[in-house]
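Proteins get letters first, then strands, A, B, ... in listed order; numbering begins at 1 in each.
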2 protein chains.
Amino acid sequence: MPRRLPTSEQLRTWRDFIETTEALRAVVAARLQAESGLSPGDYAVLLALSEAPDRRLRPSDLAVAISWERSRLSHHLGRMERRGLIRREGFSGDSRGAFVILTDAGSAAFHAATVPHLTAVRELFVEALTPEQMDALAQISAALRDHLPNR
Amino acid sequence: MPRRLPTSEQLRTWRDFIETTEALRAVVAARLQAESGLSPGDYAVLLALSEAPDRRLRPSDLAVAISWERSRLSHHLGRMERRGLIRREGFSGDSRGAFVILTDAGSAAFHAATVPHLTAVRELFVEALTPEQMDALAQISAALRDHLPNR
DNA sequence: TCAGCCTAGTTGACACGTCAATCAGTATGG
DNA sequence: CCATACTGATTGACGTGTCAACTAGGCTGA
């Protein structure tokens with residue numbers, strides 16, 4: 001027997017939630033873009049690479065590190081390579097293997113982006129919420145994540 | 001004098017929040033797609049049109065109703081028109097004006113999508129949270145939205 | 001009246017994401 | 001040995017979004 005549909009109040013909360021997070025994400029992305037010329041995707045890739053030993057990772061490991069599908073990563077790396085932010089290098093032995101390597105330009109772009117990006121997070125996110133709301137949101141994120149199907 | 005950057009705890013909450021909402025959005029979108037062949041964008045457009053008098057709206061009004069940029073809407077309407085979900089009609093008088101009109105196929109697709117979509121929202125969102133968390137989330141969304149720049 | 005501006009809407013280029021197909025190399029079982 | 005399956009990675013097609021440029025008609029004021 002089917003259960004009830006959401007109440008109109010729950011639906012309103014859902015829509016407000018979705019619209020607000022989308023707007024927030026867009027504003028943070030626009031700031032990042034304006035201040036450093038990087039997209040959130042670029043930033044995630046550069047962050048993972050800059051923390052990796054030798055500033056290099058296998059595409060598969062990088063994909064796991066930032067929770068991306070390999071195909072998405074491959075397309076994105078192609079674009080980043082064209083812009084000189086990373087380069088790819090073959091792997092001796094198993095020729096399936098490859099490395100994604102952070103270039104100096106990529107490293108410079110990442111470092112230039114870090115502080116402005118964190119400042120945007122503070123201004124748009126941290127400062128909007130009380131400490132209690134921040135705690136509650138951490139709980140809520142965990143509850144939503146844990147309720148998602150298998151993965 | 002510049003203020004502090006987010007603490008690592010705040011940053012963790014930020015990242016969890018962003019990743020969770022993104023994952024949730026993706027799962028709801030995938031369900032909608034699987035059950036009705038509609039994207040969230042399609043759904044928003046069809047919802048607005050089905051509530052409009054005569055099932056028709058001027059593109060500008062539609063854009064305002066769903067908070068989209070005109071250009072985004074124009075591209076999306078082109079795709080929906082190709083699939084027969086909507087059609088466009090000229091407007092007598094001011095030839096800049098036009099109408100977006102819900103077709104029978106669009107109406108049918110929307111009605112077929114509604115219950116499964118709301119069920120997904122219940123299962124993935126409503127059921128994941130306690131009533132207190134739901135209330136808190138409504139407050140948090142409002143706080144974040146109100147803190148966003150100008151608009 | 002007509003230049004300048006505003007409004008409505010479309011278009012093209014390009015970034016981003018997903019899906020399915022493909023390719024190359026390794027491993028494995030008969 | 002070799003067909004088959006698996007893994008790492010790329011590619012192509014296509015839907016989606018944004019930005020800037022463009023078309024086109026209406027409005028306004030010197």
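Rounded to a whole Å, the CD atom of Glu89(B) is 19 Å from the P atom of dA8(C). If you take CG of Leu62(B) and P of dT10(C), they are 11 Å apart, rounded to a whole angstrom. In this entry the distance linking CZ of Arg31(B) with P of dT18(C) reads 18 Å, nearest Å. The distance from atom OH of Tyr43(B) to atom P of dG15(D) is 22 Å, rounded to the nearest whole Å. The interatomic distance linking Leu73(A) (CG) with dG17(C) (C1') rounds to 12 Å, in whole Å. Taking atom CD of Glu81(A) as the reference point, atom P of dA9(D) lies 14 Å away to the nearest angstrom. Residue Leu32(A) contributes atom CG, which lies 15 Å from atom C1' of dC16(C) at whole-angstrom precision.
By the side-chain hydrogen bond (donor to acceptor under 3.5 Å, both in side chains) test, Arg12(A) pairs with Asp16(A), sequence neighbours left out. Evaluation of the salt bridge (charged side-chain N to carboxylate O under 4.0 Å, His left out) rule for Arg87(A) yields Glu89(A) as partners, not counting sequence neighbours. Residues passing the side-chain hydrogen bond (donor to acceptor under 3.5 Å, both in side chains) test with Glu35(A): none are found, sequence neighbours excluded. Partners of Asp104(A) by salt bridge (charged side-chain N to carboxylate O under 4.0 Å, His left out), not counting sequence neighbours, listed by chain and number: Arg55(A).
For dG9(C), the OP1/OP2 oxygens have a side-chain nitrogen or oxygen of Ser60(B) closer than 4.0 Å. Residue Arg88(A) places at least one side-chain N or O under 4.0 Å from the OP1 or OP2 atom of dT10(D). The shortest distance between the side-chain N/O atoms of Arg70(A) and the OP1/OP2 oxygens of dT7(D) is not below 4.0 Å.
Hydrophobic side-chain contacts under 4.5 Å tie Ile66(B) into a cluster, directly or through other members, with Leu32(B), Leu38(B), Tyr43(B), Val45(B), Leu46(B), Leu47(B), Leu49(B), Leu57(B), Leu62(B), Trp68(B), Leu73(B), Leu77(B), Met80(B), Leu85(B), Ile86(B), Val100(B), Leu102(B), Phe110(B).
Remark: Asp42(B) engages Arg83(B) in a salt bridge, criterion side-chain N to carboxylate O under 4.0 Å.
Within 4.0 Å (heavy atoms only), Ser74(A) reaches at least one base atom of the nucleic acid.
When atom types are taken as modelled, the side chain of Ser36(A) and the backbone of Gln33(A) share no donor-acceptor pair closer than 3.5 angstrom.
Proximity note for Pro59(B) (side chain, C-beta onward) versus dG15(D), dG9(C), dA9(D): the nearest is dG9(C).
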Could you list all N or O pairs between the protein and nucleotides 16-19 of chain D that sit under 3.5 Å apart?
unit_1, atom_1, unit_2, atom_2, d
dT16(D), OP1, Ser39(B), OG, 2.9
dT16(D), OP2, Arg79(B), NE, 2.7
dG17(D), OP1, Arg72(B), NH2, 3.3
dG17(D), OP2, Arg72(B), NE, 3.3
dT18(D), O4, His75(B), NE2, 3.3
dC19(D), N4, Ser71(B), OG, 2.6

